[in-house]
Structure formats: C-alpha cells, structure tokens
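Remarks on the structure that follows.
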Amino acid sequence: MTYTLKPADPYDLTIEDTSYLSEHVDTGDRWVLNFGPQHPATHTTLRLVLELDGERVARVTPHIGYLHSGFEKLGETMDYNQYVTIVSRMDYLGPILSDVCWHLAVEKLFGIDLTPRCKVLRTIMSELARIQNHLLCVGAAALDLGAFTGFLYAFNPREKIHDICDFVSGQRFHSDWTRVGGAMADLPDEAVFKRMVSDFVNDDLPRALDDMEKLVLRNRIFLDRTMGIGVMSKDEAIEWSLSGPLARASGVRRDLRKDEPYLCFADNWDGQGASAVEFKVPVASAGDVYSRFCVRVAEIRESIKIINQLIDNIPGGPIDMFSDGKQVKPPKAEVYGSIEGLIQHFELIMSNRGWTAPVGEVYGCNESANGELGYYIVGDGKARPWRVATRPPSFINYQAMAKMTEGHLLSDVVAILGSINIVAGELDR
Amino acid sequence: MPIADEDILIIDTPGLTLAESVYLPEIVRGLGTTLRHMVTSWGQGKTSRTIQYPEQRREHYDVEKGGQFDDNFRGVHRLNRDDAGRVKCVACMMCPTICPANCIHIVAQESPWDDREKYPQQFEIDELRCIFCGMCEEACPVDAIELTPEYDLVGLTRNEMIFDKEKLLSIYDATIERKPM
C-alpha cells in the first residue's frame, strides 16, 4: 500500500472557520498577548499566543517545546528497566501510572504474564496515582480561579499518597517502582501497607473530597466561571481524538479500563476465574469545564471503590515473575544462592548482554489520569529498544485548546487550561 | 466493545439551590469549613501536615503517621565495609552500568587481598547527577553499595558533592546503626 501525504478523508479542522472569527471581522484593533511560557497559571512551561479582540480571544496559537528534554530519544539508549526512571518524569503528577503503563507495554512485547500479586499491587498503586493526579488538577483549578483554600484541602491528602509511595518504594515522588515482570521489591510489610491505604481511602480522602465539593464544586463563583466554558460536543471530542476525563465529560463512553482491560480490570486476572474489579465510568454530557472537574471527582470516588475491593484480598506468592524466561531479574536470594541466578543477574545488566527482546513492535496503553497513555516500542532483538514513542494524553488534548478557547474571555483561558490538566513533561517529552 | 449501560455513571449537574445562588449563607458555611480546619490543625493537630524541620524530622514519626521508613528509604549512598573493615566492593562495574544517570565512576585495580581479584581504587558518585532510583543497590551482587535513610545532602560547591570512596565509607560508619546491613 502506498502512502500519500494527503489523507483520504480529511477532517476539516482548521481553526480559521470558527464561528467567532466569521462573525467578528478584524477591524485592526486586535492585539497579541503572550500567555506563558513563564506564567503561574500555565502550571508548567507552555506558551499560548492569544490574539485578543478587546477582552475576547479571537485566535489562539498553542506553542510547545519549552520543556523538551529528549525523553523519547533517551529510550533508545536505556534498557527496559532503566527507562522507567525517565517515564515517571513524564507525567509527574501521578508518576506510577506512567511506570505501570511502560512496563505493561514492555511485558506485552516480551510476552510476560504477571503474577496475581503483582497485578493487584500495580492496580492499587496506579489507582492511587490517579487520585493523586485528579486531586491536583481539581485543586489547582480552584487555585487558578482564585480559591486558594480549596487548593490546600486538595493538596493535603496527596501527602498521604506520597507517604504510601515512600513506604512501598523508598521515594516519595518518583518511585520508579515497577520492573519488567514485577516490581522493584515486594511490600516491606503488608499489614502496614493495608492499614495505610485503607485509612487513606476510607478516612482522609472522603473527608477531603467532601470539603472540596462543598468549597469548590458547589461554589457559585466557581460555577459561574466554569459552566458553559470551553464546550466540546461529543462529535468534536471524537474528531479531536480527546481521551480521558475530557472525552467523558463530553459524553464519549470510553475508558480503557473497560474497553481494553488490563491488570485487575480484566476478567480472570489471577488465572483462577476471578472477575474484574467493579467500578462505573463517570460520563457527563455538557462537555464544559465544570463537567470535567465533576468527572474527575467522580473518578476519584470510583478509584476508592476499586482500591477497597482489592486491598483486603492481596494474593500471596511472589511479586516477580521469575522463571526460566531469562527476561526478569532474579530475586536477590537467587543471586546470592545459586549460580543460575547470579548468571541471569549479570546477563541482564552487563552492557554487552542484556535482554534479547523479540523483534517486533508493540503498542501498549492504559487509562492514565488524563486519558489514553500509550507506549509504542520497536524491539530489534537487543537489550535496548530500537525506538520508543509515547502517546501522551496531554499532547493530544492540548491541540484542542485553540478550539475550546476561541470566543471566550481572557480570564476563561486559565479555567480551560486548568481543566485540560496539561503536564508539560509529558507534553514536550 | 462498548461499555455496558450499567457500568456508566451519568453525572448530571443539579442546579444551584436558593441558598447557594444567594451565596451569602454559603459564605458562612464555607467559613465554617475553614474554621474547622483551623481548629483541628491548631498546634500541629490532627489535620496538620506541618513538620517543624529541622527540630522535628520525619524519622521521629511513626511510619503510618507520615514518618520515614528507614529500611528502604532511598537517600545518600554508602559503601559497606566487610568484617575486616575493608571496602566490600569488588569493582565488578555493575552499578555504573545500570545507573540511568551515569553518576558512578569506578577505577578498578588488582586487589591487595586474597579473597577477591579486584577492588575499587577510586569510587566516585556524583550526588548532584544521581536521581536516587536505587538501581545500583539492586544491581550490586555483593551488597556493597546501599542507599541510606540520610537525606540532608548539602554542599557549597559542586566538587564537594562528588563523593569519593572515603566519604562513602564514612557515611557507612555514620548510618550503620540506623540501617543495619
């Protein structure tokens, strides 16, 4: 099949024919305002060039690249375990979600099936990361719109998630906890972990959510600032390939945890007929900024349900999938105790040995807090990937920024930007 | 496969009640929430997350109350000593190989001792480059390099922050009681 540069069925997505521009003729009074790259409301370094008609936004040109760090290229020089340290720095609001997604893609390439214990722990940790991300998004949106108190009440419970990450992996923020076929280490103390997690999700978090809902989501000023702002209809959301809470706020029924289930979201995840975890997918229909925050808060409540289903039934057994597959690092007892373990340990790390990845390409994705996060890996039989590409939800969602903003007031730009929840580390990679 | 209807949670946004749209009673309720938080967090109360560093440190707290878990905390590195007090490292070069940040530099030399062939003549870790991922500890086949619960990492110059073998061994002496090998 030959490829042509022109798509066969082009979407007409030029921003020049929005209704605002056709209704308001340029009289020469427009002025240009640079929003960012250094601006507290952009959260990170991104730049919007706003063409303003008085206080109305006539045209938006989003710029990217201010935080470009060559993350994707680094994937070609690092092996499948090392790259997790880079991946967790992409979406740094909920780093474990990216870790889990990367290693799910790698395990798809290698054809490794995880142990039930590993699946449960990864699910719990990634739901915690989702809560972490959503809390920051909703809290920071309140901050951007002038409600500093709401931000603090959303930020406080995040501290507890950091404590749990610290306990599990040894680092509060960039846990870099997953490894090919397992995790960096098993839980240091399962009972303490269970108590910490269930205390958090059943005690601290619901109270913080109630406070936040009362202070922010039922606040008339917040509602006036966010309702009917940045509306994307269902068809537009699909056309612009939005995913995650943005798409679901517009009425798109898509959640990869249901559509392409992985980990404990899939049926029969433990090999003994366990059914998938039960949760509901929050969907709104308004498609405005306010419904995006409502969807995010509802997702936090669903994540609590997921964690509560799993936390008391963590299966026993090993967390690492150590077998004769030669693709998973052996446990330390094997390294010290047996010659095979020692050889495999050295083989996986030595620079002239390493993994023998299958030749092929794979796309592994999961539902991160902002949408579909995917990693595309091309393996060429060597220890390092030939190419790693990311499908970052922030990047795809950011392109609709211009469409959402046009015709709105300058102060609405901040609200819309906050609702997309762009993470520049992921946006620019 | 489309998501089944019973798995969908429709979020409707109910309109504001009269009290909410008048807004004045809501100010009072909101202030009540703020006051509740003020009272409960007063003097490092229940909802306060403040730690009066450096007088109080996370190590002083229980793990479940937000304290630090010393056993697997990933702080400053140390080089372990063996029973005879010598450096345990055998200069196998696993840690500089696995290090994602390339911050470990080892110069290996023939060992003066009988129990191993090589030992590190120089062992340097650039603590400013390090991302504290703990992979060196995982890679080490003899438990020679470890991360400690120590996190006060300060220096006035960049050169000071490149820790050499003696410095790393002195961290071992300082932390061995808090984190046994």
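When reading the values below, keep in mind they use all heavy atoms of this one structure, side chains included, and skip hydrogens, waters and symmetry mates. Proteins get letters first, then strands, A, B, ... in listed order; numbering begins at 1 in each.
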Proximity breakdown for F200(A) and chain B, heavy-atom pairs closer than 4.5 Å: neither

Heavy-atom check, side chain of Y153(A) versus side chain of T33(B), under 4.5 Å: yes

Test applied, salt bridge (charged side-chain N to carboxylate O under 4.0 Å, His left out); reference residue, D7(B); option that passes from R253(A), K258(A), K280(A): K258(A)

M350(A) and M93(B), any side-chain heavy atoms less than 4.5 Å apart: no

Partner chain B: residue of N219(A), L342(A), T149(A) with the largest heavy-atom pair count (under 4.5 Å): N219(A)

Part of F167(A) lying under 4.5 Å from any heavy atom of chain B: both

Closest approach of P188(A) to F69(B) (non-hydrogen atoms, all atoms of both residues): CB-CE2, 3.4 Å

Salt-bridge contact R49(B)-D204(A) (side-chain N to carboxylate O under 4.0 Å): no

Option in D71(B), L147(B), V63(B) with maximal non-hydrogen atom pairs under 4.5 Å from chain A: V63(B)

R248(A) vs I11(B) side-chain heavy atoms within contact, under 4.5 Å: no

Contact origin within F132(B) toward chain A - heavy atom pairs under 4.5 Å: both

Short N-O contact, R58(B) and D163(A), less than 4.0 angstrom: yes

Contact check, side chains of V192(A) and E64(B), non-hydrogen atoms, under 4.5 Å: yes

Top contributor to chain B interface from R179(A), M196(A), H162(A) [non-hydrogen pairs under 4.5 Å]: R179(A)

Region of R254(A) that comes under 4.5 Å of a non-hydrogen atom in chain B: backbone

Note: E26(B)-R220(A) ion pair, threshold 4.0 Å (strictly below): no

Partner chain B: residue of L223(A), I221(A), D79(A) with the largest heavy-atom pair count (under 4.5 Å): I221(A)

Under 4.5 Å from any heavy atom of chain B - which part of S169(A): both

Within-4.5 Å side-chain heavy-atom neighbours: N72(B) and V168(A): no

Value rounded to 0.5 Å, distance of OH in Y151(B) from CZ in R172(A): 10.0 Å

Interface residue of largest heavy-atom contact number with chain A, from A101(B), C140(B), C92(B), under 4.5 Å: C140(B)

Most chain B-contacting option - heavy-atom pairs closer than 4.5 Å, from R207(A), R195(A), M78(A): R195(A)

Heavy-atom pair of closest approach, residues M135(B) and V84(A): CE-CG1, 4.0 Å

Proximity breakdown for I349(A) and chain B, heavy-atom pairs closer than 4.5 Å: both

Proximal component of H174(A), with respect to chain B [non-hydrogen, under 4.5 Å]: backbone

Side chain / backbone / both / neither for E278(A) at chain B, heavy atoms under 4.5 Å: neither

pair R74(B)-D176(A): side-chain heavy atoms closer than 4.5 Å: yes

Test item: D166(A) and F73(B) side chains (from C-beta on) under 4.5 Å apart, heavy atoms: yes

Options F193(A), F346(A), F279(A), Y83(A), ranked by heavy-atom pairs under 4.5 Å with chain B, top entry: F346(A)

Chain B contact via M227(A) - which portion, at a heavy-atom distance below 4.5 Å: side chain

Within residues 293-301 of chain A, residues adjacent to chain B where the heavy-atom gap is under 4.5 Å: C294(A), V295(A), A298(A)

Largest heavy-atom contact set with chain A, pairs under 4.5 Å, which of G30(B), C99(B), G75(B), A139(B): A139(B)

Toward chain A, the part of D70(B) with a non-hydrogen atom under 4.5 Å: neither

Option in M184(A), R218(A), E260(A) with maximal non-hydrogen atom pairs under 4.5 Å from chain B: R218(A)

Proximity breakdown for I164(A) and chain B, heavy-atom pairs closer than 4.5 Å: neither

